[in-house]
Amino acid sequence: MVEEAIANLYPEQEMRCPVHLSIGQEAAAVGVCDGLRSGDLAVSGHRSHAHYLAKGGSLKRLLAELYGRSTGCTGGLGGSMHLTDLSAGFLAATPIVGSSVPVAVGAAFSAKARGSDRLVTIFVGDGAMETGVVHESLNFAVVHNLPVLFCCENNLYSVYSPMEVRQPGHRTIADLAAGHGIRTSAGDGNDAEEVAVLADDAYRSIRAGEGPVFLELSTYRWREHCGPNYDNDIGYRSLDEFDLWRANDPIEVLAARGVWSQRASDTEEIASEIHLAVEFARESPFPDPETVRYPVLHRSVS
Amino acid sequence: MVEEAIANLYPEQEMRCPVHLSIGQEAAAVGVCDGLRSGDLAVSGHRSHAHYLAKGGSLKRLLAELYGRSTGCTGGLGGSMHLTDLSAGFLAATPIVGSSVPVAVGAAFSAKARGSDRLVTIFVGDGAMETGVVHESLNFAVVHNLPVLFCCENNLYSVYSPMEVRQPGHRTIADLAAGHGIRTSAGDGNDAEEVAVLADDAYRSIRAGEGPVFLELSTYRWREHCGPNYDNDIGYRSLDEFDLWRANDPIEVLAARGVWSQRASDTEEIASEIHLAVEFARESPFPDPETVRYPVLHRSVS
Amino acid sequence: MNRSLNYGEAIREALDQSLSDDPDVVVMGLGVPDPKGVFGSTLGLQERHGPERVMDIPLSENAVTGVALGCAATGMRPVLVHQRVDFTLTAFEQVVNQVAKWRFMFNDQMSVPMVIRMVVGRGWGQGPQHSQSLQALFAHIPGLRVIMPTTAHDAKGMMIAAIRSDDPVVCLEHRWLYSIEDEVPESRYVVPLDEARIVRSGTDITLVGVSYMTLECLAAADMLAEAGLSAEVVDLRSIRPLDTSAIVSSVERTSRLLIVDNGHVVGGVSAEIVAAVVEQAFSHLEVAPERMGFPDYPTPTSPALADDYYPLPHQIAMRASEMLGKRFSFQPIDRGERRLDQPHPAYQGPF
Amino acid sequence: MNRSLNYGEAIREALDQSLSDDPDVVVMGLGVPDPKGVFGSTLGLQERHGPERVMDIPLSENAVTGVALGCAATGMRPVLVHQRVDFTLTAFEQVVNQVAKWRFMFNDQMSVPMVIRMVVGRGWGQGPQHSQSLQALFAHIPGLRVIMPTTAHDAKGMMIAAIRSDDPVVCLEHRWLYSIEDEVPESRYVVPLDEARIVRSGTDITLVGVSYMTLECLAAADMLAEAGLSAEVVDLRSIRPLDTSAIVSSVERTSRLLIVDNGHVVGGVSAEIVAAVVEQAFSHLEVAPERMGFPDYPTPTSPALADDYYPLPHQIAMRASEMLGKRFSFQPIDRGERRLDQPHPAYQGPF
Ligand SMILES: Cc1ncc(C[n+]2csc(CCOP(=O)(O)OP(=O)(O)O)c2C)c(N)n1
Ligand SMILES: Cc1ncc(C[n+]2csc(CCOP(=O)(O)OP(=O)(O)O)c2C)c(N)n1
Ligand SMILES: [Mg+2]
Ligand SMILES: [Mg+2]
């Protein structure tokens with residue numbers, strides 16, 4: 001609902017930054033973050049709103065950030081693609097694909113080095129698995145037996161590019177990760193309950209010191225790669241495929257199972273929370289250019 | 001013998017460039033290049049002399065290159081670490097670890113795109129398997145079903161760093177590659193016959209259009225990482241380990257089996273060839289600084 | 001001859017014609033054959049030339065740069081396309097250590113005829129990691145050619161020249177130029193890769209513009225003209241090698257030099273221009289050459305901050321007039337409803 | 001107080017003391033704990049501080065740079081060590097997009113206290129891919145500090161300062177400086193990260209040296225002195241931010257500026273210095289500032305070619321004297337048996 005609100009408001013052109021929405025992929029974020037403690041950290045990439053919120057991020061600070069306001073979680077400097085909120089245990093989201101992965105591994109390294117029981121979850125897409133840096137990161141995490149969960153949301157596309165032109169069909173992404181000797185599992189990324197079970201299982205073994213885990217979750221992005229609209233008309237994927245996944249709506253899945261029923265009062269409550277957040281964002285001041293012009297470097301050490 | 005001669009002459013300080021010798025690892029080079037045709041290409045990294053010679057490179061041009069002469073295979077510009085000899089089907093060796101791997105894949109891509117039956121072999125070490133670019137290259141080769149053999153000479157060390165600090169012990173390098181869905185095999189890199197059988201098998205399937213193959217060969221470097229000396233005294237590896245591998249001398253292996261007996265006359269012939277090449281190198285002129293100062297760029301197009 | 005194309009279409013035509021003329025040309029990059037076709041610049045090419053020659057790639061910019069080098073070294077002419085220069089930093093090792101050096105270090109025994117297209121983002125909150133303009137990094141590396149065409153006409157002619165060049169060419173394309181039209185002949189013409197161009201003659205000061213900033217310089221020159229000052233505007237076009245002689249000869253006439261770079265000032269292309277001009281035309285300079293460009297911090301995302309990030313025509317005019325010892329107050333261009341994080345609608349060719 | 005250490009030992013002492021003083025400091029890099037200890041600069045550290053704090057890494061410079069950033073952003077102070085700057089290009093994306101930008105783009109909510117040490121190779125045929133000196137690339141990126149200490153004294157003091165700094169610091173260390181001794185106090189002292197230093201006063205011309213080239217400038221100043229010319233020699237030390245005011249005030253006294261960079265001239269650090277000085281001290285300049293450095297092609301391997309690649313003291317002296325309107329013929333330094341691809345044995349501190 002939050003992202004639908006963003007999608008609805010985006011055409012007003014008040015959120016002046018690129019947005020990559022997770023509509024259709026919510027179950028992965030929710031299920032995976034469910035088992036994280038507040039001292040744990042989450043890290044993400046370009047498509048990070050759902051991860052930020054699921055990790056306990058502030059809806060107000062997220063919207064203010066999209067609106068480019070000083071009350072945003074990076075004070076307007078980062079926008080949708082560069083988020084951080086240490087108070088929510090959300091270390092960072094950055095949009096160069098693959099690039100935030102070793103940073104998450106570093107945070108896990110530092111947790112282990114300092115003897116904390118912190119654990120780090122890093123979210124990546126299927127496309128990110130084609131970047132060398134993710135492989136280097138997997139190897140590093142395994143060699144150092146680090147407390148990190150790699151969660152790959154496989155939504156079948158990298159922008160508009162289908163799997164065929166990017167990865168071989170005769171192995172799965174979990175297989176690929178397994179080559180590194182990391183424990184892997186895979187599941188239905190549209191089933192928040194299944195995801196939570198898989199993630200909890202992973203967290204248990206990670207917390208037991210058994211090293212990193214890789215989790216592949218199959219899911220699907222409903223809207224366009226970047227922006228608020230549907231884009232089934234432009235021809236890179238079939239309507240059949242879309243309908244199939246649409247039918248497998250993560251929220252309906254839970255509702256059908258009776259686990260969660262979206263009561264009218266809930267909906268209303270959420271809507272009002274969103275409304276408040278949007279108001280908050282809109283009424284927040286823009287950052288002051290004068291304060292940004294500070295020299296980038298800290299004062300010299302002595 | 002060639003590299004022993006280099007090792008013996010190096011202290012004269014006439015070969016003024018870093019050299020990474022393959023003494024102890026000869027069987028891999030010989031066995032793998034054995035099945036290559038002259039139209040095929042080989043590509044290597046920092047430790048490339050054996051690959052260059054096994055692919056049919058010129059001993060004279062190699063030594064002249066080490067001596068920094070204009071008759072060297074790159075006219076003195078490259079030295080030991082940057083070789084090329086298109087007449088021998090040796091595309092290139094460059095010393096940034098991993099960096100020549102995608103180039104080899106590109107050469108295979110181009111061979112396939114142009115409908116030639118050329119095949120490309122790229123040599124890497126165990127350390128190179130830790131670089132992201134090698135993973136990206138493996139994936140690319142598999143996706144495009146390219147005619148390329150990845151040959152990994154696993155000599156247990158990356159400079160002085162043992163496996164433990166770099167890769168997990170519970171998977172092999174062949175396992176790691178297999179994650180990409182590439183056909184893999186592994187064998188004794190000190191047994192040239194076994195290597196040749198494995199390589200021929202790979203070449204057969206590659207030439208049949210069945211895509212790339214990855215070959216892991218276990219072997220051992222006798223001398224120091226870079227330079228002409230033995231370095232068992234500096235303490236990064238045990239003398240026991242060294243002796244074990246030393247006993248498994250690739251040349252003795254063949255001799256013991258009666259496949260090849262190093263007769264005195266052979267030895268003499270090789271020695272004289274080496275002698276001639278060294279003479280050639282020493283007598284060759286240095287490159288002329290004036291000709292190097294040409295502008296790096298070609299003239300403009302029109 | 002009076003046909004108009006926009007910048008994106010002009011590049012597409014250059015690629016299309018090159019693909020038709022030379023079977024060794026291939027075009028590869030993330031999203032090249034997708035429905036958006038890299039802002040239109042590769043639209044329809046796969047349909048016309050086939051998936052073997054116009055292709056998508058895995059999200060592996062680093063390896064694919066090496067792949068392109070392997071293709072180029074064995075006789076092909078690959079064109080690599082990246083939607084942001086920021087992404088290509090993943091491939092910087094390949095470009096600097098390998099692509100730029102092969103021809104030299106292998107003693108001219110092979111050449112590396114490849115083109116790397118990189119789009120420079122701007123506006124709409126693309127922020128710190130999607131709107132850098134890093135030409136200075138490539139300009140420091142011997143063995144590369146680096147170009148930044150400004151007009152659709154030059155984009156086509158320089159792209160054809162780049163593809164035909166036996167050296168690796170890095171081409172940086174400013175996103176805001178894509179929709180701007182210019183006269184673009186249908187023929188296969190070539191614009192030299194190493195020549196700056198005087199787009200407007202003047203006598204009082206030389207304004208050197210880099211990429212989109214050339215258009216801002218032209219707008220500034222209009223303002224200066226209204227104030228009675230005559231600015232010459234040079235479109236740099238070639239970043240490496242620099243066409244120093246064109247700039248020097250302009251400065252010999254005007255005695256004043258203001259460079260407006262589309263990139264950070266510190267350690268940027270504008271510094272090299274100043275240094276080269278000072279070396280060659282010191283005695284002609286009335287005042288010290290000056291530089292404008294991006295400030296010394298990353299691009300902020302919020303429009304409230306980004307608006308302040310880029311030099312604007314009235315600021316350029318102001319600086320130029322100060323260098324002439326005058327002080328006028330120039331007004332910002334009227335942009336109507338448009339905010340500063342969108343391209344100016346009035347910029348249209350022919351230039 | 002009169003204790004002498006060489007450059008490598010000085011850095012090792014800085015690391016050792018920092019590891020002792022601050023439990024958050026870790027040192028990581030290829031070969032850090034190996035028997036060679038990165039040319040001696042990390043020898044014995046693992047034995048003293050344990051394998052958790054002083055560690056080898058996989059051959060994954062890119063990821064490990066991200067790992068270091070992750071450590072830094074969560075409160076540690078990692079020091080990354082690379083045996084060649086050329087290798088670190090694999091990690092350029094991390095350095096430019098992430099390490100340099102986090103503090104800014106996350107609105108100062110976290111800092112990135114990390115140090116990246118990179119050795120600059122030279123000589124003995126290290127050639128095109130092992131002897132680049134790429135400070136200009138880092139100097140263009142806001143958010144980084146870039147230093148190149150020349151003396152053992154400064155190496156220790158600046159390394160301690162770098163480790164204590166809350167900003168990421170890139171430290172480039174010239175291989176030929178490693179064996180050179182200087183007075184190095186045992187105490188934990190700090191040398192500022194952003195100040196150039198006048199190593200020799202003079203009145204006729206300012207020579208600015210970068211890293212090893214400072215020593216060549218000092219030798220050139222000796223030659224000039226014999227010819228009756230007085231050169232001031234400035235050791236740049238800080239590449240970003242530049243200590244422009246130190247250079248400007250020297251030039252205000254000498255009216256002449258010659259920069260000798262340890263790197264390519266074109267698009268290099270010397271261009272930025274010229275541009276900055278011209279902007280601030282134009283009226284003090286008698287003649288145009290000039291630049292020396294590496295030529296515009298990659299480093300060739302053969303000593304017959306490499307000998308010609310680097311500026312030598314007599315050439316620097318020659319150029320300086322020409323800028324002073326004189327023409328002397330200076331003789332190359334007598335190197336005895338040594339060839340030019342090995343360091344000059346006579347360079348020893350204190351400086
Ligand atoms: C290194 C790099 N190359 C290209 C891009 C452009 N880009 C942004 S998102 C994206 C697709 C990523 O696909 P995936 O990892 O599957 O994530 P998804 O968008 O499907 O969630 C691409 C190619 C980028 N941001 N970084
Ligand atoms: C990117 C990069 N990092 C570091 C180095 C320094 N280096 C040269 S060879 C080498 C070890 C490579 O090990 P391996 O691949 O196993 O080859 P081997 O030397 O054992 O034959 C290293 C680290 C380099 N050349 N390139
Ligand atoms: Mg995806
Ligand atoms: Mg090895």
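A, B, ... follow the sequence lines: proteins, then strands. Residue 1 opens every chain. For the numbers below, each heavy atom of this structure counts, side chains included, while hydrogens, waters and symmetry mates do not.
- Of the atoms belonging to C:Leu242, not a single heavy atom falls under 4.5 Å from chain D.
- Contacts with chain C were tallied for D:Val278, D:Thr299, D:Asp86, D:Leu137; D:Leu137 has the most, counting heavy-atom pairs under 4.5 Å.
- For C:Arg240 and D:Asp296, the salt-bridge test passes: some basic side-chain N is under 4.0 Å from an acidic carboxylate O.
- Using a 4.5 Å cut-off between heavy atoms, C:Gln132 touches chain D through its side chain atoms alone.
- Interface remark: of the candidates D:Glu290, D:Gln280, D:Arg291, D:Arg291 forms the most heavy-atom pairs closer than 4.5 Å to chain C.
- Here the closest non-hydrogen pair linking C:Phe104 and D:Pro298 is CE2-O, 3.4 Å.
- When each of C:Gln98, C:Gln94, C:Glu93 is checked for a side-chain contact (heavy atoms from CB on, under 4.5 Å) with D:Leu89, only C:Glu93 meets the rule.
- Of residues 262-275 of chain D, those residues with a non-hydrogen atom less than 4.5 Å from any non-hydrogen atom of chain C are, in numerical order, D:His264, D:Val265, D:Val266, D:Gly267, D:Gly268, D:Ala271, D:Glu272, D:Val274, D:Ala275.
- Interatomic distance, D:Phe92 CZ to C:Asn62 CG, rounded to the nearest 0.5 Å: 13.5 Å.
- Between the CE atom of C:Met105 and the CD atom of D:Gln129 there is a distance of 4.0 Å, given to the nearest 0.5 Å.
- Listed here is the closest heavy atom pair of D:Lys101 and C:Pro128: CE-O, 3.2 Å.
- Residues C:Phe282 and D:Leu285 have side chains in contact (heavy-atom distance under 4.5 Å, counting atoms from C-beta outward).
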